[in-house]
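Read through the structure below, which is laid out as structure tokens, and then see the notes.
In each ligand, atom 1 is the first atom listed, and ligand 1 is the first ligand listed. These numbers were taken from a predicted model, which means no experiment stands behind them.
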Amino acid sequence: MNYKALLFSAGAALSLIACKNNTPETAEETKTEEMKYVEDSHTFARPNEAVVTHLALDIEVDFALKKIKGAATWNIKTSSEADQVVFDVYDLDIQSVQSNGKPLAYTLGDFVEHHGKPLTIKISPETEQLTIVYETGADARALQWLDPEQTAGKQHPFLFTQSQAILARSWVPTQDSPGIRFTYEAKVKVPENMLALMSAENPQEKNETGVYTFKMEQPIPSYLLALAVGDVVFDPISERTGVYAEPGIIEKAVYEFADVEKMVVAAEDLYGPYAWERYDLIVLPPSFPFGGMENPRLTFATPTILAGDRSLVSLVAHELAHSWSGNLVTNATWDDFWLNEGFTVYFEHRIMEEVYGRDYSEMLAGLTRAELLEEAVAIQKENPNDTKLKLELDGRNPDDGVTSIPYNKGYFFLRNIEETVGREAFDAFLEGYFAVHKFQVMDTERFLDYLGDSLISPEQYVSIEVDKWIYAPGIPDNLPEVHSNRFKEVDAEVVAFDVNGHIPSEEKTKAWTTHEWLHFINSLPRQMDAEKLAALDKAYQLSNSGNSEILAAWFQPTLRSNYQPVYPKVEDFLIRVGRRKFLTPTYMAMVESDKKDMALRIYEKARPNYHAVSRETLDDKLAYSKEG
Ligand code: BES
Ligand code: ZN
């Protein structure tokens with residue numbers, strides 16, 4: 001059953017082959033090298049028989065039909081006995097497959113929920129390249145097609161992709177496994193007045209033809225394939241960083257991200273050179289379902305981080321950190337997702353510490369810890385196994401694994417190691433880890449071997465309780481403490497407010513950042529006297545906060561305490577914003593306080609604005625069915 005564990009316990013030599021950079025130097029090597037890829041239950045591909053190495057994409061974006069159509073030409077590497085190559089497709093209309101001008105026979109297998117279908121193409125061991133002509137279908141889950149009203153400028157439509165975890169296959173026929181890397185080039189035709197951008201070398205200006213070409217010379221897995229098309233402009237931040245956004249918000253975006261270059265410098269100082277040349281961001285329309293997505297060279301970001309005071313830029317540090325943890329050293333399967341996200345949260349906090357100081361980063365760590373403790377309880381109830389760092393997502397949607405656990409439990413596991421061995425040793429270890437494994441995959445077992453071999457002693461392995469952290473459900477007792485004096489002062493205010501309605505004084509709060517406010521709001525009892533909340537709201541206008549994190553946090557105690565003045569704000573927010581991290585808790589606060597009818601009424605209105613990944617989660621949580 002656990003083929004992977006077997007493979008890796010077979011010894012370091014074998015696992016090195018398995019995880020080696022899979023781009024061969026010569027054709028000769030192609031045929032002779034014994035190929036070994038890690039088993040990934042979320043792909044139909046059989047990379048040990050035939051695996052992709054390079055993609056040339058030639059597509060047209062048709063906004064009228066809401067379709068992408070074109071051709072994907074793949075270079076492949078075959079084993080000596082190969083007679084087929086298998087791709088993943090999800091609701092793609094395959095029109096033809098050919099190689100060297102000759103048609104190739106192919107079949108589409110049965111549909112499997114979340115996975116889509118295998119596209120099996122007949123080849124010989126000599127086949128080096130093939131072209132798949134296709135169109136996307138109505139259920140292309142990676143794509144969100146926005147009408148002009150859903151953009152800042154309201155004049156032009158917008159398209160963006162979200163390929164992680166296994167949605168790339170809904171817009172490109174691909175071998176959609178994080179362990180399979182390829183380089184790519186692309187030619188993309190879009191309507192006039194629109195700019196196309198990818199996770200690649202990008203244009204900085206629109207051109208009249210509407211045809212844009214792209215190149216990504218570092219090999220990436222397909223969950224990092226990305227495309228955005230819209231009326232966007234570019235503004236530089238530094239020599240190697242900059243931001244794309246709609247004209248109406250570009251200035252705000254440039255202001256917000258002014259520290260990006262400092263973050264790149266800090267990250268490089270910590271863990272080695274940035275491997276992707278440029279680091280740019282694009283600010284997407286508010287229906288983007290995530291805070292950020294680490295598409296190489298071009299982070300996709302929600303506009304909800306444009307707070308006007310740079311207070312939410314830890315998200316940029318996070319996506320930037322993925323340029324090492326995730327994009328350079330990549331989780332072998334979605335069961336090892338904590339290797340992407342836990343490392344990235346750790347790295348994010350370290351970048352924030354470098355740029356803004358320990359006081360500041362300890363507040364972020366404090367919020368992380370509280371979120372983990374709260375969410376772990378809920379996950380524990382629903383599916384205790386999902387509180388393990390090593391996930392078991394076989395037969396499930398990998399999206400089920402996207403919880404606080406890989407992120408925040410992963411962070412505290414690494415912090416535990418740091419505190420055990422000391423920062424200097426841990427930093428040297430991490431720098432080496434990225435240098436040694438760059439452009440390779442990593443799985444949990446191999447990481448633990450590496451950790452034991454090059455950093456911690458067998459005694460430390462036991463004292464940290466490594467196996468418990470990784471393989472047991474729940475939060476271990478040796479969860480590291482966070483030390484924040486700034487939060488201690490907030491704690492005193494929480495008590496005074498909760499016990500006798502004492503509103504924190506202007507004197508006290510004038511030095512508060514967004515993070516103190518978040519800590520204050522998150523520390524309130526989930527249900528309290530609505531009059532107390534009203535007094536607080538009167539003093540600090542929290543229901544009108546322009547800071548999306550503060551507003552979403554404020555919705556929790558207020559909705560749960562039936563504080564009615566907040567209801568119209570909730571509705572506006574849910575209709576405008578599609579970021580899942582805000583949606584789920586807000587709808588659940590209504591459901592859990594006997595307002596399911598209100599939740600459903602708003603959802604009905606807001607749903608058309610949401611991306612498929614947000615819709616899928618909320619349909620499920622709200623037991624919503626389109627048919628009614
Ligand atoms: N890679 C993730 C987003 C993701 C994960 C998309 C899994 C699809 C499947 C991204 O780096 C991320 O973690 N985003 C967070 C940012 C936050 C932790 C700072 C988000 O969107 O909230
Ligand atoms: Zn992340």
Quiz item: Out of G291, G401, G326, A301, who gets a non-hydrogen atom closest to atom 20 (C) of ligand 1?
Solution: G291

Exercise. Could you tell me the residue and atom name of the protein heavy atom closest to atom 13 (O) of ligand 1, and the distance to it rounded to 0.1 Å?
Key: Y407 OH, 2.7 Å

Quiz prompt | Minimum-distance N/O/S atom that E341 presents toward the Zn ion (ligand 2) | solution = OE1

Practice problem: Check Y433, Y274, F439, Y279 against W324 for a ring-ring contact (aromatic ring centres under 6.0 Å, His included) and give me the one that passes. | Solution: Y274

Exercise. Under the side-chain hydrogen bond (donor to acceptor under 3.5 Å, both in side chains) rule, what do S170 and D91 come out as? Steps first, then yes or no, please.
Key: CA-CA 6 Å; S170 76; D91 194 31; over 6 Å; no

Quiz item: Any salt bridge between R369 and E481, counting N to O under 4.0 Å?
Solution: yes

Practice problem: Identify the protein heavy atom lying closest to atom 2 (C) of ligand 1, giving its residue, its atom name and the separation to 0.1 Å. | Solution: E341 OE2, 3.4 Å

Quiz item: To the nearest 0.1 Å, how far is atom 15 (C) of ligand 1 from its closest protein heavy atom, and which atom is that?
Solution: E319 OE2, 4.1 Å

Self-check item: Per-atom contacts, ligand 1 versus E294 - under 4.0 Å to a heavy atom
Solution: 1 (N), 2 (C), 10 (C), 11 (O)

Quiz item: Is a side-chain donor-acceptor pair under 3.5 Å present for T161 with S163?
Solution: no

Self-check item: N, O or S atom within H318 nearest to the Zn ion (ligand 2), by name
Solution: NE2

Quiz prompt | Residue pair H611 / E616, side-chain heavy-atom distance below 4.5 Å | solution = no

Practice problem: Considering only non-hydrogen protein atoms, determine which one is nearest to atom 10 (C) of ligand 1 and report residue, atom name and distance to 0.1 Å. | Solution: G292 O, 3.2 Å

Exercise. For H322, take its heavy atoms, then give the atoms of ligand 1 lying under 4.0 Å from any of them.
Key: 11 (O)

Quiz item: Going by atom types alone, do N340 and Y407 pair a side-chain donor with an acceptor below 3.5 Å?
Solution: no

Quiz prompt | Proximal ligand 1 atoms for M293, defined as those under 4.0 Å from one of its heavy atoms | solution = 1 (N)

Quiz item: Any N/O of H318 closer than 3.5 Å to an N/O of ligand 1?
Solution: yes

Quiz item: So do the side chains of D280 and N202 get within less than 4.5 Å of each other, counting heavy atoms only?
Solution: no

Quiz item: Any N or O of Q162 that comes nearer than 3.5 Å to an N or O of ligand 1?
Solution: no

Quiz prompt | K390 and D336 ion-paired at < 4.0 Å | solution = yes

Quiz item: Under 4.0 Å between a Lys/Arg side-chain N and an Asp/Glu carboxylate O for R579 and E549?
Solution: yes

Practice problem: With the side chain counted from C-beta on, respond yes when L227 and W171 share a heavy-atom pair under 4.5 Å apart, and no when they do not. | Solution: yes

Quiz item: Is the closest heavy-atom distance from Y223 to ligand 1 below 4.0 Å?
Solution: no

Practice problem: Classify the contact between Q164 and ligand 1 as side chain, backbone, both or neither, using a heavy-atom distance cut-off of under 4.0 Å. | Solution: both

Quiz item: Of the backbone and side-chain N, O or S atoms of E294, does one lie nearer to the Zn ion (ligand 2) than 2.8 Å?
Solution: no

